[in-house]
Novice: 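Next up is a structure, given as structure tokens.
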Amino acid sequence: MSTRIQNGKFTDVILDSLGEGLFTVDKDFRIQTLNRAAEKILGLNREKIIGDFCKNIFRTPRCYDECPIQKALEKGTNVFDIESEMSHHSGRKIKVKLNSAVLKDEHQEPIGGVIIFRDMSHLEEIHKNLISRTNFYGIIGTHKSMQEIYNLIEEVADSDSSVLIQGESGTGKELVANAIQKTSKRRDKPFVKVNCSVFPPDLLASELFGHVKGAFTDAVKDRIGRFELADGGTIFLDEIAEMPLQMQVQLLRVLQEGTFERVGESITRKVDVRIIAATNKDVRKEMLAGRFREDLFYRLNVIPIYVPPLRERKCDIPHLVRYFIQKFSLLTGKKIKEIDDEAMDLLINYSWPGNVRELENTIEYAFARTKGSIIHASKLPPNVRLQTECCFEPKKIQKDKPLPVESSEAKLIRQTLERVKWNRSKAAEILGMGRTTLWRKMRAYGLIEE
Amino acid sequence: MSEMLANRYFIARKFDLALPVFEKELAKGNTNVAIKKKLIICYGALGQIEKAFELFFELVKKDPFLIINTDPYWDDCPCPEMIKQWENSTKQVGVSPREALILGILYLYCDLDKSIEYLEKALDYDEYFLKINSVLRILRNTKSKVRVK
């Protein structure tokens with residue numbers, strides 16, 4: 001008897017040591033066990049609820065429609081990683097991820113169930129924080145040129161016109177395409193993306209328009225193309241300038257008439273697809289070189305969008321850096337919170353030939369090398385450190401340079417910076433402003449190298 | 001399919017799904033009184049009043065307290081809501097003997113006096129007169145015993 005009690009106690013100790021909430025019910029769905037984590041997550045006292053029906057305790061509409069134990073009973077298998085919601089005792093909703101299993105007796109008859117759940121509120125909070133920091137559907141940027149893009153996207157939200165997005169590699173053309181699709185009236189319809197440079201010329205036609213069985217050696221059955229998949233919605237043709245001339249003619253016909261034929265078939269099909277195209281090449285140069293059709297260019301370029309390179313919008317670098325720090329903190333679980341002033345200066349003054357993508361990779365690199373909570377300049381990739389160090393001396397040049405007409409704010413910032421030996425974090429704290437604001441003002445007042 | 005799944009449907013008030021599973025359990029020889037009590041409610045909720053009464057008759061003959069001792073909260077009994085619905089639907093046109101029968105059945109889960117009151121009205125249901133009368137005798141007898149206690 002005492003061994004059984006000890007075993008029971010031992011089981012309780014194990015259950016209470018789990019970080020995940022756990023409860024069990026009998027076959028009438030009355031709560032039999034509740035571990036300490038479940039008590040904590042749900043704000044419950046197990047003495048008061050053991051024996052009560054689980055639906056009376058968890059009080060969620062899902063208890064009626066989406067009971068995970070019911071699912072396990074119906075399926076005959078355990079249920080994993082269901083995203084759900086539970087109610088805290090106070091009424092607050094808690095996002096959870098849960099697993100459920102049916103407990104059976106020796107005759108394989110169900111005699112109860114167990115639910116194990118993880119509180120996802122914390123991750124939800126971080127996710128919301130990340131979303132709120134994204135300025136426009138995932139595009140980070142406060143620079144005037146970016147604001148103009150956001151305005152344009154909103155203005156053309158009701159339009160079905162073709163869009164041509166141009167910009168260097170890594171500037172975020174696909175994000176712009178996503179934003180256009182998400183704000184358009186076709187947002188609930190299919191959104192199909194095709195990178196035209198990925199497919200060999202002879203396969204691109206089949207990929208875009210589909211083929212019928214026997215059209216070529218590997219065509220063993222009919223296959224629907226991306227345009228048909230996107231019917232009613234939007235297609236994003238990335239790296240459009242890589243499209244062979246012959247395909248450009250076919251694309252022009254889709255743009256003009258909405259019609260095409262599957263490879264190997266003579267039936268003409270009609271689709272209603274909005275086209276968003278993007279390229280990192282100078283399309284006008286491509287036209288002059290005879291590699292891009294002029295008529296296609298004018299058909300595509302109804303709404304032209306130019307995404308500026310990062311070097312032309314350096315004021316967005318601090319925002320982007322902060323965003324990527326949060327992103328990688330979430331992904332890696334590292335508790336890195338910020339970047340020091342010297343490292344930020346290096347990032348701001350680097351030329352970023354690979355644009356935002358390169359900046360993201362740089363922060364990822366620094367994350368991998370950083371052990372503490374702050375990214376220091378020494379942890380940045382050598383190319384960023386060397387290029388910036390050899391062509392820029394940030395503070396020395398500016399500190400003693402007199403300003404022609406110094407406003408009272410500029411004077412205050414300058415004096416504060418001098419007092420704290422140009423430590424921007426300390427200065428920002430004293431001045432009661434964020435570091436980004438301080439940096440912006442310093443730039444505006446000529447207290448920093450542009 | 002199992003008793004546990006039927007219980008699950010029952011507490012989610014999916015009586016149409018619970019009923020066939022409970023019936024199968026009974027057919028398999030499961031003699032659990034709780035299943036019969038829930039099955040009576042399922043029949044009632046789905047308008048199969050005669051089937052509900054046959055099972056109700058069986059339990060009352062055996063021991064009326066099997067039903068009388070039901071706790072609406074701790075037994076998750078849906079009778080109070082069901083009674084409200086039935087009474088609302090009969091407010092305008094009055095209670096037919098068949099409706100009185102189901103109300104008499106459901107009331108026994110929570111109010112003996114009201115159950116007797118409705119079962120007396122159900123006596124006009126000719127085909128079940130004898131059985132209803134028999135139930136009424138048992139219930140009146142039970143009521144007097146309860147009063148003496």
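Everything numeric in this text was worked out from a predicted model, so none of it was measured.
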Novice: So what's closer than 4.5 Å to chain B heavy atoms on A:Ile111: side chain, backbone, both or neither?
Specialist: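 Only the backbone of A:Ile111 comes within 4.5 Å of chain B.
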
Novice: Every donor-acceptor pair from chain B to chain A under 3.5 Å, please, each on its own line.
Specialist:
from    : atom 1 : to      : atom 2 : distance (Å)
B:Glu3  : OE1    : A:Lys27 : NZ     : 3.0
B:Asn7  : ND2    : A:Lys27 : O      : 2.9
B:Asn7  : ND2    : A:Asp28 : OD1    : 3.0
B:Arg8  : NE     : A:Gln70 : OE1    : 3.0
B:Arg8  : NH1    : A:Cys63 : O      : 3.1
B:Arg8  : NH2    : A:Cys63 : O      : 2.1
B:Tyr9  : OH     : A:Glu74 : OE2    : 2.5
B:Ile11 : O      : A:Lys55 : NZ     : 2.9
B:Lys14 : NZ     : A:Tyr64 : O      : 3.0
B:Tyr73 : OH     : A:Asp52 : OD1    : 3.3
B:Tyr73 : OH     : A:Asp52 : OD2    : 2.6
B:Tyr73 : OH     : A:Asn56 : ND2    : 3.3
B:Trp74 : O      : A:Arg30 : NH1    : 2.9
B:Trp74 : O      : A:Arg30 : NH2    : 2.7
B:Asp76 : OD1    : A:Lys55 : NZ     : 3.0
B:Asp76 : OD2    : A:Lys55 : NZ     : 3.3

Novice: Over all heavy atoms of both residues, which pair between A:Pro110 and B:Met4 is shortest? Give the atoms and the distance, please.
Specialist: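 In terms of heavy atoms, the two residues are closest at CB-SD, 3.9 Å.
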
